Amino acid sequence: MKVDQENRIVYRWSLALAGLTFPLIWLGGLVTTHDAGMAVPDWPGTYGYNLFLYPLSTWLFGPFDLLVEHGHRLLASVVGLMAIILCFIAWRCESRGWVQRLCWLLLLAVISQGLLGGIRVLLDERVVALIHGVGGPLVFSLACWIVMVNSRDWKVANSNLNVSGLRWITRALFLISICQLVLGAHLRHALPTWQPTLFVSFVHTHLLLALMITLCIFLSAILVFFRPYRAHRELRLPAMLLVGIVIAQVALGLGTWITNYALPWPELNAFFANYTIAGRGFWESMIINGHQATGSLLIVFSLWLLCRIERRCVASRFANISIQNEVTEVIAGNRTNPVLAGPGVS
Amino acid sequence: MTATKSFTISTAEAYTLIVVLAFLLAGCSKPVFSPNRLATAAFLQSHEAPSIEEISISANNLTNQLFGTPDAPLWPESLDQVVDFDGVKRSAGPVGRAHDRVERGLYRKHCVQCHGITGDGAGPAAILLAPYARDFRRGTFKFKSTPIGSKPTKADLIHTIEHGIAGTSMPAFAPLRNRDEFAKDIEAVTEYVIYLSIRGEVERRLIRSATGDESQLTIQDALKEAAIVVDTWKQADQKVQAVPSIPTLDRDSLAASVARGKELFNSDKTACFKCHGTEGRGDGISQDYDEWTKDWTIRAGIDPASKSEWKVMKKFGALKPVVNRSRNLHLGAIRGGHSVETITKRIVLGIDGTPMPSAAIGEASPNSLKSEELADLVRFVASIANVKQTEEMTQGTSVAHHAGGRDES
C-alpha cells in the first residue's frame, strides 16, 4: 500500500500544479488582451525591484496592466517552484522512469516558458509573445498529462479494446487542437507587418480546423455510447464535457470575432447596423480571453479522453498490460504496485 | 529503455531549435513605412512600368527623411506644428511602458491591425472588413464638420475615435476614458492619425509630381509639398461650416414637416431618392465606388467591376473593389452620429470620399434648399432612422412615419 500512497502524492501535487497553471494561462491571456506585455519594461526584476519585493501597493493599486503583468510573473514563479518540487517528489516516490522524465520535461518546459517570457520583454518582440502564447497551453497539457497518468483511472483501466476507431479520432482531435492553438496564437498575435492575405488564410484555416474539431468531438461523443466502447463508461465523462466545451468555444470564437471586427452584414437589421465595437471594453476582453482559455481546456480534455482510450486499447503502447490478468487482484487491493506499464514496457 | 533515451535527446534538440528559432524570428519583423506602389501605378496608369518601383521608393525615402520611421517619427523644423508632437511620439513605436512609466505605442496597441503601420488601411485584418479601414494617406475623411475637400478638425477625429463608427469595424475607444492612465490616449493617437495622414499625403503628392515630369525628386520638393499639406490641416478650424439648428416642433407640426420632408426627399431638387430609394431603404441606384477605390480603378483606366481588370493591381496591395452602397436609412445606423445635429451636418456637408453629395443650401436660388426645407428633410430622415427629435416627440415621429408608409401603398 505504501507505494500506492506515495503515488497519490505525485498525483495530488501535480493536480495542484495543473490547477494553478490554468489561472496562469488566463492571466497570460489578459496580458495579451490588454497589451500589458510591456507594462513592466524590465525582466526578471520589476521596475528595478526584485520580482518578489515589488511594493504591494503600487502593484495592486497601480495601473491595471501592471497588476496583470506582475501577477502573471509572480504566479509563474510559484508554478516554477512547484515544478521543481514535483521533480523532487517524483524522484523519491515515482517508480515509473518515464513518468519521472515527464516531470523533468515539465520543469524544463516551465523554465523555457519563463525564459521565453523574459526574452519577450527584453527584446520587446511580438513574435516571441506568439511562441510564448503557444507554449502556455502546452505546458498546461503536460502538467495535466502527469496528473492523468497518476490518476486512479490510469491504474485500474482495463485494456480489452481491440478496435481503435475512437482511438484514432481522439488522436486526430488532440493533434488538430494543438494546430488550432498555433493558428489561434497567430490570429491573436498578428504582426502589424503581415500581408492581409496571410491573415485571411490563417482565419480560414482556423475555421476549417474548428469544423474538424467539432466533428471529431461529436463523433466521439456518439461512439462512446455504442459497442465496443459502451462497456467503458469512463469514456463518457470526458466526451460529454468536450461537447460542452466545444459548444462554448464556438460561441466564444464568434464573440471574439464580433468584438474584434464587428458583426458581418450590417445591412441585416437595425441591431447589426447599429452595433459598434467597444475598443478595450471589459466584457470584450473577457470574451477574447475566454476563447483562448477555453481553447487550452479543449486541448486538455481531448488529452484526457485520449489517455482513457489509449489505456484501454490492447494495441496501444500505453495499454494497461500489467493489469490485464490481475484486474481482480488490484481491485481487491492485494497487489502493491500495479502501475508498471508504460511506453518502455510495450 | 532505448526508446525513451532517444526521446530525451530529441527533446533537448527540439528545445534548442525553439530557442534558436525564437531569436531568428525576433530579428526579422521591423515595421517600416511601406512605399505607396498602388498610387504610383495608378498615376502612371500602368501596372508594368519599370518606373513604378523607382518612383515609389524614391518618394518613400524622401518622405521618411522628413517624417522619420514608425519607431522614430520626425517633424521637419521648417513646418508649422499642426500636430502635438509629444502625442505623436507617444503613439509611435512598439507597445509598452518605459522606465518613465509613460504608455507608448498607442497606435500599434489599438489601431494597427486594421489601419496598418503606414496608415494605408491595409493592416493584417484589412480584407475581412466591410467597409475597409480608412487609408489615411489620401487625407480624406468622411465624418467631419468641414465641407468636402477640407480636412477634419481634431475634434471631429476625436469624436470618431471615441464613439466609433456604428455598423463598421471601427471601434469606439470611449472605454479608455474610464481609466486615469489612458484618459489622454485618444488625443495622443489622434495626433498620430494626423501625422500619418500628412506623411502619406506628402508621399502621394510627390509621386504625382514625379509621374507628371521626368525630373528627379528632391528634398526641396518634399518640403514644398509638406508645407502645402500642413497648410490644409491648419485651415481646418476656419473651414468649419456651421449648420442651422433644427427647431423642435409639437407632434402635429412635426408630422406635417416629416411629410413635406419625404416629398423633398423624392424630388429632383434633392435627388436623395435616386440613391437612397423612395422610402430611404438604400435601394436606389447604387453602383458607385468610394474615392479611395476610384483613384486606382476608374481614374487609372480600370473597371472596378471586372475582376480580370482590377486583378493586375493586387500585387501593389489593392483590395477587391467594393461598391459604396447608399445607406438604408431605416436601419438607423447614422454612422456620423445618431442625432438630429449630425444628420443635418451629413446632409449639408455630404460625406467626403463617398458618392453622398452635399446639399446646396440657400434662400435665394430656386435650386438650393431653404432653411425650412432643410429642416423638413432632416426631420424626415430622423424619423425614418428612428432618431429621437425630442423626448416627447419620438412617438409622433413614428406615427408620422407609418402614416407616410401607408400613403404610398
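For clarity, every value in this text was computed on a predicted model and none was experimentally measured. Each chain gets a letter, A, B and so on, in the order its sequence line appears, and its residues count up from 1.
Both the backbone and the side chain of B:I127 come within less than 4.5 Å of a heavy atom in chain A. Interface remark: A:T197 contributes backbone and side-chain atoms alike to the contact with chain B (heavy atom separation under 4.5 Å). Heavy-atom distances place the backbone of A:F272, and not its side chain, under 4.5 Å from chain B. B:T168 touches chain A through its backbone: at least one of N, CA, C or O sits under 4.5 Å from a heavy atom, while the side chain does not.
The nearest pair of heavy atoms linking B:V112 to A:P192 is CG2-CB, 3.6 Å.
The number of heavy atoms from other shown groups lying within 6.0 Å of CH2 (A:W194) is above 12. With a 6.0 Å radius and a threshold of 12 heavy atoms from other residues, nucleotides or ligands, B:K315 has its NZ atom above the threshold.
Among A:A262, A:A270, A:P196, the residue making the largest number of heavy-atom pairs under 4.5 Å with chain B is A:P196. Listed options B:A125, B:A130, B:P94 were ranked by heavy-atom pairs under 4.5 angstrom with chain A; first place goes to B:A125. Interface check for chain A: of the options B:H110, B:R335, B:R325, B:H163, the most heavy-atom pairs under 4.5 Å are formed by B:H110. Each of B:A174, B:G116, B:S169 has some count of heavy-atom pairs under 4.5 Å with chain A, and the biggest count is that of B:S169.
To the nearest 0.5 Å, atom CD1 of residue A:I277 and atom CZ of residue B:F173 are 8.0 Å apart. For the atom pair CG of A:N274 and NE2 of B:H338, the computed distance is 6.0 Å after rounding to the nearest 0.5 Å. Here the straight-line distance linking atom CD of B:Q113 with atom CZ of A:F199 works out to 8.0 Å at 0.5 Å rounding.
Annotation: side chain of B:L128 is in contact with side chain of A:W257 (closest heavy-atom distance under 4.5 Å).
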